[in-house]
Number of protein chains: 2
Amino acid sequence: MVSIKDIASKAGVSISTVSRTLNHYADVNPRTRDKIFKIAKELNYFPNAVARSLVQKKTHTIGVFFGNKTNSGFDHPFFQDVISAVREVVGNAGYDLLVFTNKNKERATYTTLSKERSVDGIVLLLTGEGKKWDHQLTELQESGIPCTAIDVPLVGEKCGFVESDNFSGAKQAIEHLISLGHTTIAFIGGDEISKTSFDRLRGYQQALMDHKLGLDPTLVRLGYFIKEKAMEETRNLIETGKQITAFFAASDEMAMGVIEALTAIGLRVPEDVSVVGFDDIREAAYFRPALTTIRQNKYKLGSTAAEVLLKIIENTGPSSCPVVLPCELIVRESTAACSRRE
Amino acid sequence: MVSIKDIASKAGVSISTVSRTLNHYADVNPRTRDKIFKIAKELNYFPNAVARSLVQKKTHTIGVFFGNKTNSGFDHPFFQDVISAVREVVGNAGYDLLVFTNKNKERATYTTLSKERSVDGIVLLLTGEGKKWDHQLTELQESGIPCTAIDVPLVGEKCGFVESDNFSGAKQAIEHLISLGHTTIAFIGGDEISKTSFDRLRGYQQALMDHKLGLDPTLVRLGYFIKEKAMEETRNLIETGKQITAFFAASDEMAMGVIEALTAIGLRVPEDVSVVGFDDIREAAYFRPALTTIRQNKYKLGSTAAEVLLKIIENTGPSSCPVVLPCELIVRESTAACSRRE
DNA sequence: AACGCAACCAAAAACGTTTCCGAAAATAAG
DNA sequence: CTTATTTTCGGAAACGTTTTTGGTTGCGTT
């Protein structure tokens with residue numbers, strides 16, 4: 001491997017001169033500058049990023065953490081777009097992405113792994129189950145490592161987070177259903193710990209209250225963002241005998257599960273019961289019936305998470321966190337006017 | 001940042017002893033060993049991977065290159081599963097993933113970027129347009145950097161590649177169509193440079209010849225793996241007036257385009273014309289009509305690419321390259337018996 | 001008492017950079 | 001022709017490790 005030293009000896013100058021030249025310092029004679037650049041090109045030189053990082057304490061690398069369950073990384077239908085956006089904007093700023101695989105490391109945390117690798121900042125892309133590690137999260141918040149997350153409320157001087165307006169999104173969904181004449185609406189929520197789940201539940205309740213439709217606690221169930229669990233809960237819900245005419249699921253995957261369970265029972269969607277999902281993952285448009293859902297702007301979610309992170313890292317401008325992005329109701333085929341006569 | 005030096009001074013030993021201790025060398029007294037570990041824990045020490053990499057010339061990092069067009073990275077419907085698999089197996093082996101964003105670097109190549117970052121190996125995930133950079137590829141093959149690729153035929157001592165059995169896959173697709181009674185089958189291929197495209201074309205031709213159905217060159221068109229191009233070509237094909245009863249597209253995205261174009265013209269799928277795709281991306285199952293397609297084992301593609309790479313890096317076992325994985329015909333709704341009477 | 005052999009540890013070089021500081025050379029000012 | 005000022009460059013420390021080499025120390029053996 002050809003180093004700065006080789007160039008120096010070939011050019012008859014010191015390594016510090018070579019370094020200053022290559023980094024475009026002003027105090028170097030044009031003649032020697034040209035010579036050094038010429039030799040560098042001849043020798044096919046390129047700098048060693050590792051050595052540079054060691055002294056500069058800057059790696060031009062952004063760390064990425066996924067949850068470590070399956071279906072929670074690149075193959076997650078929601079995160080694939082946000083990670084794509086993150087890559088785009090950090091790339092334009094000159095950073096590469098280090099995806100932590102964090103396997104077989106016992107006592108490792110986000111913080112220790114980040115410090116070991118000396119990444120300049122990190123973005124957290126956690127699914128439901130990953131968010132419960134608050135001890136890790138508080139450690140991170142206090143660590144001083146620049147970090148942003150999607151959906152998980154990080155607070156701290158070097159922290160930021162961005163999320164969709166889950167409250168309003170859920171509210172929109174329910175209002176859509178109400179405008180269609182539905183009055184008995186079940187909610188398949190996420191979990192009991194994430195802010196995301198909580199906000200969507202609140203939106204559901206608020207919309208119901210706004211329209212003077214009573215809240216029936218037995219109508220809200222937890223699906224933990226898992227399709228199978230959602231199927232199970234819809235079966236349970238139907239078995240209660242209540243005349244439920246619409247379901248709102250806190251994710252598209254669960255909505256698909258709801259529809260699948262409903263269909264298995266013999267109920268037609270949307271003729272007999274309407275269902276709306278949340279997220280607008282790719283499959284939602286192709287599913288049959290095509291899902292009516294609340295679209296999250298996944299690309300924007302990722303890009304602003306990255307932008308906020310870069311601001312924190314480079315200390316430019318106020319962080320203005322959290323950022324909350326609007327959702328959009330996408331009406332497709334899984335919702336229809338309520339058929340049940342009062 | 002607490003370093004090995006801090007531990008050394010606090011323990012009253014030299015830094016080399018600390019290093020040897022932490023790396024579990026044998027020649028260190030149990031008493032000092034315990035003391036050093038205790039202090040390390042107290043000080044919340046963890047090693048600096050950058051410094052270690054500098055001396056060891058090993059980063060425990062696998063580089064990943066995507067094409068730099070949009071829809072060719074994480075958001076590519078095909079690669080999301082393979083990158084997921086790559087992450088899984090390299091993670092188990094103790095490597096992290098460095099995703100190159102390679103923006104705004106003018107003269108950078110796969111080779112120079114990899115050497116700059118000192119990654120231990122790389123995997124290439126290129127879409128059609130990316131594969132034409134053969135000067136970059138030959139440079140890489142000669143560089144001695146361990147590398148594997150999906151679908152692009154890398155040869156060299158430190159290179160490997162894995163692909164699906166595109167020839168047999170295409171052959172299966174056509175045979176399925178033939179068994180359904182189709183005799184006039186159009187082919188919407190990929191491009192004119194990639195091996196993948198070429199093999200699928202060969203499979204198409206071979207199947208036709210095996211069944212004594214003549215080859216009509218005007219029935220094969222290039223869609224460049226782009227939906228819109230595929231739509232255009234199907235329109236062109238229909239306008240020729242030939243009684244085409246089936247289309248075979250070299251990718252699911254193109255197959256969807258074909259169906260869309262057909263539907264726009266007023267032709268029904270599969271009643272009037274059958275179409276089969278290639279890949280079996282997620283959307284294929286949800287699309288309507290659900291796509292009959294040739295499934296590539298995307299996870300296996302990624303995992304064996306990673307396994308081969310690790311073998312090359314760690315010099316264990318023969319590389320046995322290329323690896324070619326079988327495809328599987330998935331019959332869904334977009335194909336049916338030929339309705340046209342002879 | 002002398003020797004050999006373990007066991008244990010310290011010193012120092014090395015990895016490839018950046019960067020601070022000061023020195024030499026060149027130029028300008030007096 | 002001296003002095004002051006700029007321009008240009010080299011020396012050396014520093015970043016945090018690993019790894020080689022060799023040196024003590026202590027012990028058991030003759």
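Only a predicted model underlies this, so the values are computations on that prediction, with no experimental measurement involved. Lettering of chains follows the sequences in order, A, B, ..., and the numbering in each one begins at 1.
Distance CG (B:Leu22) to P (C:dC9): 14 Å, rounded to an integer number of Å. C:dA13 atom P lies 18 Å from atom NZ of B:Lys57, rounded to whole Å. Atom CD1 of A:Ile15 is separated from atom C1' of C:dC15 by 12 Å (rounded to the nearest Å). Distance CZ (B:Arg117) to P (C:dG16): 18 Å, rounded to an integer number of Å. Per the geometry, CG belonging to B:Leu54 stands 9 Å off P belonging to C:dC15, to the nearest Å. To the nearest angstrom, P of D:dG16 lies 17 Å from CG of B:Asn23. Taking atom CD of B:Glu116 as the reference point, atom P of C:dT17 lies 10 Å away to the nearest angstrom. Rounded to an integer number of Å, the gap from A:Lys5 NZ to D:dG10 P is 16 Å.
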Worked verdict on A:Phe161 versus A:Val123 for side chain to side chain contact (heavy atoms under 4.5 Å, CB included) = CA-CA 9 Å; A:Phe161 77 100; A:Val123 8; over 6 Å; no
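Looking at heavy-atom distances under 4.0 Å, B:Ser3 makes contact with sugar-phosphate atoms alone, never a base. Within the nucleic acid shown, B:Ser53 has no heavy atom closer than 4.0 Å to any nucleic acid atom. Counting non-hydrogen atoms under 4.0 angstrom, B:Val13 reaches the backbone sugars and phosphates but no base. At the heavy-atom level, A:Ser16 lies under 4.0 Å from base atoms of the strands shown.
In this model, no donor atom of one side chain and acceptor atom of the other lie less than 3.5 Å apart for A:Asp96 and A:Thr61. When only modelled atom types and interatomic distance are considered, B:Asp191 and B:Ser194 share a side-chain donor-acceptor pair under 3.5 Å.
For A:Gln56, counting side-chain heavy atoms from C-beta on, the closest listed nucleotide (C:dT19, D:dT18, C:dT17) is C:dT19. Distance from the side chain of B:Ala51 is smallest for D:dG16 among the nucleotides C:dT17, D:dG16, D:dC9. Of all nucleotides listed (C:dC15, C:dG16, C:dT18), C:dG16 comes nearest to the side chain of A:Met1. When the nucleotides D:dT8, D:dG10, C:dC8 are ranked by their closest atom to the side chain of A:Pro30, D:dT8 comes out on top. Comparing atom distances between the B:Thr17 side chain and each of C:dA10, D:dT18, C:dC8 picks out C:dA10 as nearest.
Using bins of under 30°, 30° to 60° and over 60° for the plane-to-plane angle, the ring pair B:Phe65/B:Phe100 lands in the parallel bin. Using cut-offs of 30° and 60° for the angle between ring planes, the A:Phe79 and A:Phe66 rings count as tilted.
At a cut-off of 3.5 angstrom, counting only N and O atoms as typed in the model, there is no donor on one side facing an acceptor on the other between the side-chain of A:Ser14 and the base of D:dG11. You won't find any donor-acceptor pair under 3.5 Å spanning the side chain of A:Asn48 and the base of C:dC15, going by distance alone. Checked by distance alone, B:Asp27 brings a side-chain donor or acceptor within 3.5 Å of a matching partner on the base of C:dC9.
The only member of B:Val119, B:Leu98, B:Thr109 that meets side chain to side chain contact (heavy atoms under 4.5 Å, CB included) when paired with B:Ser114 is B:Val119.
Under 4.0 angstrom from either OP1 or OP2 of C:dA7 there lies no side-chain N or O belonging to B:Tyr25.
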